[in-house]
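Report on the structure given below.
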Amino acid sequence: MPLRVGLTVSTCVLCTSLALQTSNTHACTTFASVGTANNEGGLIMAKNRDSLAAFEQLEVKREPDENAYLGLFYNTTDRTPFPYIAAGINQFGLSVVQNESASINDASKFNDGDQSDAIYNILKRYRSVAEVLADQEALFGNGLANFLIIGDKTEAILVEVGPVKGSYEILKASQNQNRLYHTNHYVLEPMRKFNKVFYPDSEDRFETIKALMKNASGQLTAEGNYYRWMNSAQNGPYNSILREVTVASWVVTLPEGNNPELNLRFTSPSQTFQRYEVELTPEFWNYPPEHLLPLPLNADGIESEPVGSERRYTYTEGEL
């Protein structure tokens, strides 16, 4: 299967041949960079997870004879254990994020279970991008439409899986200025033929993250670039990277010569706002915690007058 070069296509040229969908997808934005694109080398990978209503959970999984992994799990109800996974990283630093292929006909036929199984399989059984590439036909030739970005410290790949058995394409980050980005429609040849429904928000988010990554000055960092891009709302509440249906934001960094780190926040209206910062040390993987605790919320820098004080409602000169 050939590896395609370049993520430069704009799907607006396809508008005349696709069914224009005036509603929005409730699906995600993913992106990654590797090697010399990053200030500390290694890998940075991100996902803004979008959904209408969901319950999110951060958890470590470790089963006999399988890789341990940390995952962003979700469910449509608060019933546990949460069966679905949207992103993850395993003990060897192999990382995965996933997007729904919303632009095909009958996209709902490829459900959360099918999409999650692809992530579970990779995280549990593989240690590197090279191992995944060696098994690509078995992993991606099943006709279960899906979009994946998979990475380690040396390489990242974008995988577009089509709705027909044997249909998939792979783009290496090293073929695309060490950067990858994706939303919810096919962008690689010959996969674009599977685009049947045009969602403007998917196009807008794709063009936004492409421009941010291609036009960034200097090498990339999580703090200086990724966190800011995750909060990009320049195209309004429905067509932006951060939008009304964003329920979680996931960023993993795997710098050369240092431990991986995860920064995660839950913004789902179905549950309490939570933030996590986790350093993935050898000790973490050898003795994984049973429960991961979010960071305590604080209001540093915010001062208030006591309840009932007239001062709460009185402004002095210079305060307005």
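Note that the structure is a prediction, hence the values are computed from the model and not measured.
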For E59 and L70, indicate whether the former's side chain and the latter's backbone hold a donor-acceptor pair under 3.5 Å. no
Give a yes or no on whether the ring-centroid distance for Y126 and F92 is below 6.0 angstrom. no
Sequence neighbours left out, what passes salt bridge (charged side-chain N to carboxylate O under 4.0 Å, His left out) with R275? Give chain and number order. E277
Spell out, yes or no, whether L242 and L264 are grouped together once hydrophobic residues are joined by side-chain heavy atoms under 4.5 Å, including indirect joins. no
On the six-membered ring of Y181, is K214 placed so that its NZ or CZ lies under 6.0 angstrom from the centre and within 45° of the ring axis? no
Of all residues at least two apart in sequence or in a different chain, which pass the ring-ring contact (aromatic ring centres under 6.0 Å, His included) check with Y74? Y84
Do R243 and D50 have side chains that get closer than 4.5 Å, going by heavy atoms? yes
Tell me whether R49 is salt-bridged to E56, with the criterion being a basic N under 4.0 Å from an acidic carboxylate O. yes
Side-chain contact test, heavy atoms from C-beta onward, threshold under 4.5 Å: evaluate it for S268 versus F273 and give yes or no. no
Using the ring of each side chain (for Trp, its six-membered ring), is F194 parallel, tilted or perpendicular to Y186, with breaks at 30° and 60°? tilted
Heavy-atom check, side chain of L292 versus side chain of V60, under 4.5 Å: yes
Say whether, by atom type as modelled, one donor and one acceptor occur between the side chain of D135 and the main chain of L139 under 3.5 angstrom. no
For the aromatic rings, using the six-membered ring if either is Trp, is the centroid distance between F206 and H185 under 6.0 Å? yes
Report the relative orientation of the aromatic rings in H182 and F147; use parallel for angles under 30°, tilted for 30 to 60°, perpendicular for over 60°. tilted
side-chain contact (heavy atoms from CB on, under 4.5 Å), that's the test. Do Y227 and N263 meet it? Break it down for me. CA-CA 9 Å; Y227 297 161; N263 190 296; 3.5 Å; yes
Between M213 and F31, is there a side-chain heavy-atom distance shorter than 4.5 Å? yes
